[in-house]
Amino acid sequence: MELNDRNLQTLTEYLQKTLSPDPAVRRPAEKFLESVEGNQNYPILLLTVLEKSQDEVIRVCAAVTFKNYIKRNWRVVEDELNKISDPDRTAIKANIVNLMLSSPEQIQKQLSDAISIIGREDFPQKWPDLLTEMVTRFQSGDFHVINGILRTAHSLFKRYRHEFKSNELWSEIKLVLDTFAQPLTELFKATIDLCQTHATDINALKVLFSSLALISKLFYSLNFQDLPEFFEDNMETWMTNFHNLLTLDNKLLQTDDEEEAGLLELLKSQICDNAALYAQKYDEEFQPYLPRFVTAIWNLLVTTGQEVKYDLLVSNAIQFLASVCERPHYKHLFEDQNVLTSICEKVIVPNMEFRSADEEAFEDNSEEYIIRDLEGSDIDTRRRAACDLVRGLCKFFEGPVTGIFSGYVNSMLTEYAKNPGVNWKHKDAAIYLVTSLASKAQTQKHGITQANELVNLSEFFVNHILVDLKSPNVNEFPVLKADAIKYVMTFRSQLPKEQLLESVPLLVAHLQAESIVQHTYAAHALERLFTMRGANNATLITPTEMAPFTEQLLNNLFKSLAVPGSSENEYIMKAIMRSFSLLQEAIVPYIPTLIGQLTHKLLLVSKNPSKPHFNHYLFESLCLSIRITCKADPDTVDSFEEALFPVFTEILQNDVQEFVPYVFQVMSLLLEIHTSSIPSSYMALFPHLLQPALWERTGNIPPLVRLLQAYLEKGAAAIASTAADKIPGLLGVFQKLIASKANDHQGFYLLNSIVEHMPPDSITQYRKQIFILLFQRLQSSKTTKFVKSFLVFINLYCVKYGAIALQEIFDDIQPKMFGMVVEKIIIPEVQKVSGQVEKKICAVGITKILTEYTLQGFFLGIFFFFRPIFTNIFRVPSMLSTSLPAEALQFLQGYLQAATVQLL
């Protein structure tokens, strides 16, 4: 693509079309951009549109498109084409920083993300001047530019918080610190001075405090892996100013918005994070500063209101206290009973209350509420922080803390009992407090695995949880019902099986609740209970125990998907999948109805796939229904094909990329179940599966290979007789896969199926070329994975066609190659082969080499049988020396014996 006005105009028009709400307009435009993005100058054209367009919407669209293009294509994947030309890469890196700094903030953020993506791959080796270019901009005095640099640096350095330690990482951080730490510190001090100078200028303060918030985030990232010498030497400067900012109360920066956190709250939140980091990891160096931070953060907690905008600040402040109380160095700060009582009364209990904002989220923003509460993304919430503080205090003061909180729990439950309709929030807080107090160790798979022995969980379940679960009106007090369900789910590993079984029909009933949170929790709780294991690794709850509730369970699960707001509820679909898996044959009578509902749901979501987990569990449920039903009656496969193929056809015709791999997987499953020859509908599809475009998407490769394997298993003879012209295409797929380190094992899967199932005559003319390709790859790019797959293949070939045929094809490529392969590849590498089936193939293949390749195979068999008697009479290696080296035979015999013992 040339850099000219015509191409710029064309690109602008297609970008405009991608914003259309009409799929008929939007999708062709997206396809066009996808088709041209491999052309040279495409990213430069995007940046030019971004820079010169007069339409702000188009500029933002170009920025987002460019960022996504960089995210998909910048990384150079081994064995794959470089998707961005070297001249384009050079031009992008030469211009993107200047363009980012001169752009409005909305575009600046997109380009900043793009720089961080490029930096992750190229910095510092391939982009050594990036940091220097950024640091020099600190001298500009223009805080629009400075904030752009800080934002980019934050995007670039925040990965240091999550990276595993390595010499490469240390080298990079050292380079960053040597270049960046001093200028950042100078900028920090200068910005604080400017805040004092412009203390009455609200506009200046907003810009300056944005800078301070970003500087504080950079401080956290640069200090996360270890305490750098520079920051240790300058700790006084940083900690003194952090403390001053923490205690600052500038009225101009306070906002009237009760929902959105202001700049002051965001800055103080990050400072609490920084202090918690130092208290946890560098407590010895931080000790002189700790008391003043504890005092400041305590005062902050007791004076900050309950408004939502303070949530992040309060949760980070509580997390700081939690970090401190867990450290043995600071144990003395919390030993006083009055201190513990004060923390409970003024910090923990108030922040465990269910506020109006929480109630609003429960009712109107249920999806976000569920994600926060069930998936642990509530790390920034007051409740989660208060829970962590309770656990931290229990580490050293479990007895006193349990005693204090027990009093509060009893008080809350008493208040609730006086007037449940008005005081239900007291019980909610009590349940949450008990959960926090009792939880000592937890996993996602098992729930709470270690509990506070001072809390009687079974008694609390009987007295306070069961009553809500048994309530005849499932829609009354939905928050308390959700709390009760979550209690069962959380303590499922601690409660006796009898109580869990008692809960199951109650949970099934709660699937009918109108509250999205409530019926989602019920589905999730059932799914978790169904995965629990008992004796002999069998499911704790058996299909027999579920028999009385099977019909109601399935009906209620599918009905809950019809509730507005839950049409694509991943927790419900996962519960459906798990129910199928648990119940097995018990679901067969209901399949004719259920498959129709699943197919209808698939058709609906294929129009606009937006929930990947839901879609995955939907296809898993379809596969389970097929497996279970066809296991009982293989002939029912026709009914599944009749129901599914119209939807699959629409998905493939519309090229719904998210669903195409799933469709191939389900089709392979259906084809594998067929007991007769391949139906004509499958044969008509076969040529289309070999189209190169399908194999360009990496997500398609595993399911397509499995589908082709099913074709070969069920209809190799038909393919050889009616589609012989497609065999070169099949081998072309193998050739493409074998050239890739990422997908070579898939190529071997396909090749093994060709050798195993295709009639020998149909591939005779291609055999030599197949081996030449394998040896070329072995010579040019040898990997352990490739060698293991190669060994399995040659042994499978030996099993199928015999050792003589294997030796002939090797020696036809190069004289005496067979002996070299045995000596250089089989002997050193065969023991690395893993997998029961793979080991058996190698064992049988080596047996054939030992018995067929040599003229003395008969005597060798006698030798193995009568080895104790003839061990000194027959010297097998010397007898066979004309065929293979003695050492090779000795090794192969040893491997065969070891493999036989292991497999038996």
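Worth saying up front: this structure is predicted, and the values here are computed from it rather than measured.
The number of heavy-atom neighbours closer than 6.0 Å to CD of E13, taken from other residues, nucleotides and ligands shown, is above 12. Around atom NZ of K346, no more than 12 heavy atoms belonging to other residues, nucleotides or ligands sit under 6.0 Å away. The number of heavy atoms from other shown groups lying within 6.0 Å of CD (E186) is above 12. When the shell of 6.0 Å around NZ of K281 is examined, it contains more than 12 heavy atoms from other residues, nucleotides or ligands.
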* Asked: Yes or no on side-chain contact (heavy atoms from CB on, under 4.5 Å) for L208 and L212, after CA distance, side-chain angles and deciding distance?
  -> CA-CA 6 Å; L208 293 169; L212 288 172; 5.5 Å; no
* **Verdict with reasoning, I343 to W298, per side-chain contact (heavy atoms from CB on, under 4.5 Å)** => CA-CA 9 Å; I343 290 173; W298 175 261; 3.8 Å; yes
* List the steps, then state whether ring-ring contact (aromatic ring centres under 6.0 Å, His included) holds for F242 with Y289. => CA-CA 11 Å; F242 278 159; Y289 305 95; over 10 Å; no
* **Check against side-chain contact (heavy atoms from CB on, under 4.5 Å), N73 and E37** => CA-CA 9 Å; N73 300 309; E37 72 174 19; 3.4 Å; yes
* To do: I would like to know whether Y42 and Y69 meet ring-ring contact (aromatic ring centres under 6.0 Å, His included); could you show each step before the answer?
  => CA-CA 10 Å; Y42 171 76; Y69 166 82; 5.3 Å; yes
* Test side-chain hydrogen bond (donor to acceptor under 3.5 Å, both in side chains) on D122 and W74 and set out the steps. => CA-CA 9 Å; D122 288 14; W74 192 270; 3.3 Å; yes
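In terms of modelled atom types and a separation under 3.5 Å, the side chain of T240 and the main chain of T237 share no donor-acceptor contact. Looking at R89, its side chain does come within 3.5 Å of a backbone N or O of I84 through a donor-acceptor pair. One N or O on the side chain of T197 and one on the backbone of D193 form a donor-acceptor pair closer than 3.5 Å. Counting only distance, with no hydrogens or angles, the side chain of N4 and the backbone of N7 share a donor-acceptor pair below 3.5 Å. E368 places no side-chain N or O within 3.5 Å of a backbone atom of A361 that could act as its donor or acceptor partner. In terms of modelled atom types and a separation under 3.5 Å, the side chain of S439 and the main chain of S436 share no donor-acceptor contact. Within the 3.5 Å criterion, the main-chain N or O of S216 finds a donor-acceptor partner in the side chain of N274. Put simply, the side chain of H144 gets close to the backbone of S103: a donor and an acceptor are under 3.5 Å apart.
When each of R159, K165, R161 is paired with E163, the salt bridge (charged side-chain N to carboxylate O under 4.0 Å, His left out) condition holds for R159 and for no other.
Under the 4.5 Å side-chain criterion, counting only non-hydrogen atoms from C-beta, Q270 is in contact with D273. Considering only heavy atoms from C-beta on, I149 stays 4.5 Å or farther from S140 through its side chain. Within the 4.5 Å cutoff, side-chain heavy atoms of L321 are placed close to those of L301. At a threshold of 4.5 Å between non-hydrogen side-chain atoms, the residues M1 and L11 do not count as touching. Residues C272 and L246 are in side-chain contact: their nearest non-hydrogen atoms beyond the backbone lie under 4.5 Å apart. Side-chain contact between I404 and V401: absent, with no pair of heavy atoms (C-beta onward) separated by less than 4.5 Å. Residues L222 and L184 meet the side-chain proximity criterion, which asks for heavy atoms closer than 4.5 Å. Inter-residue side-chain proximity for F397 and E335 is flagged as met; some heavy-atom pair is nearer than 4.5 Å.
Qualifying side-chain hydrogen bond (donor to acceptor under 3.5 Å, both in side chains) partners for N41, counting only residues two or more places apart in sequence or in other chains: none. Applying the side chain to side chain contact (heavy atoms under 4.5 Å, CB included) test to V64 and every residue at least two apart in sequence or in another chain returns V60, N68, Q110. Under the side-chain hydrogen bond (donor to acceptor under 3.5 Å, both in side chains) criterion, Q287 pairs with no residue at all, not counting sequence neighbours. Shown here are the side chain to side chain contact (heavy atoms under 4.5 Å, CB included) partners of D336, two or more places apart in sequence or in another chain: N338, V339. Not counting sequence neighbours, the partners of Q306 by the side chain to side chain contact (heavy atoms under 4.5 Å, CB included) test are P350, N351, R355, R382.
For the pair K217 and Y220, the NZ or CZ position fails the cation-pi test of under 6.0 Å to the six-membered ring centre and within 45 degrees of the ring normal. With F224 as the aromatic partner, K158 does not meet the cation-pi criteria of under 6.0 angstrom to the ring centre and within 45 degrees of the ring axis.
Going from atom CD1 of I70 over to atom CD1 of I115 covers 10.5 Å, rounded to the nearest 0.5 Å. Remark: T179 OG1 to L175 CG distance equals 4.5 Å, nearest 0.5 Å. The line from CG of L393 to CG of L340 is 6.0 Å long, rounded to the nearest 0.5 Å. Expressed to the nearest 0.5 Å, how far CG of D142 lies from CG of L101 amounts to 9.0 Å. With rounding to the nearest 0.5 angstrom, the SG atom of C195 is 8.5 Å from the CG atom of L248. Here the CZ-OG1 distance, from R26 to T18, works out to 9.0 Å after rounding to the nearest 0.5 Å.
For the residue pair Q108 and S112, no side-chain donor N or O sits within less than 3.5 Å of a side-chain acceptor on the partner. A donor-acceptor pair shorter than 3.5 Å cannot be found between the side chains of Q182 and N234. In this structure, a donor-acceptor pair under 3.5 Å is absent between the side chains of D5 and Q9. A donor-acceptor contact closer than 3.5 angstrom links the side chains of N223 and Y278.
In summary, the aromatic rings of F293 and F286 are positioned with their centroids under 6.0 Å apart. F219 and F231 have their aromatic ring centers within a separation under 6.0 angstrom.
A salt bridge is defined here as a Lys NZ or Arg NE, NH1 or NH2 lying under 4.0 Å from an Asp or Glu carboxylate O, and K268 with E265 fails to meet this definition. Ion pairing between a basic and an acidic side chain is recognised when a charged N comes within 4.0 Å of a carboxylate O; E367 and K611 show such pairing. Using a cutoff of 4.0 Å between basic side-chain nitrogens and carboxylate oxygens, E105 and K109 are scored as salt-bridged.
Within the structure, salt bridge (charged side-chain N to carboxylate O under 4.0 Å, His left out) pairs that include any residue of residues 322-333 comprise D283-R327 (at least two apart or interchain).
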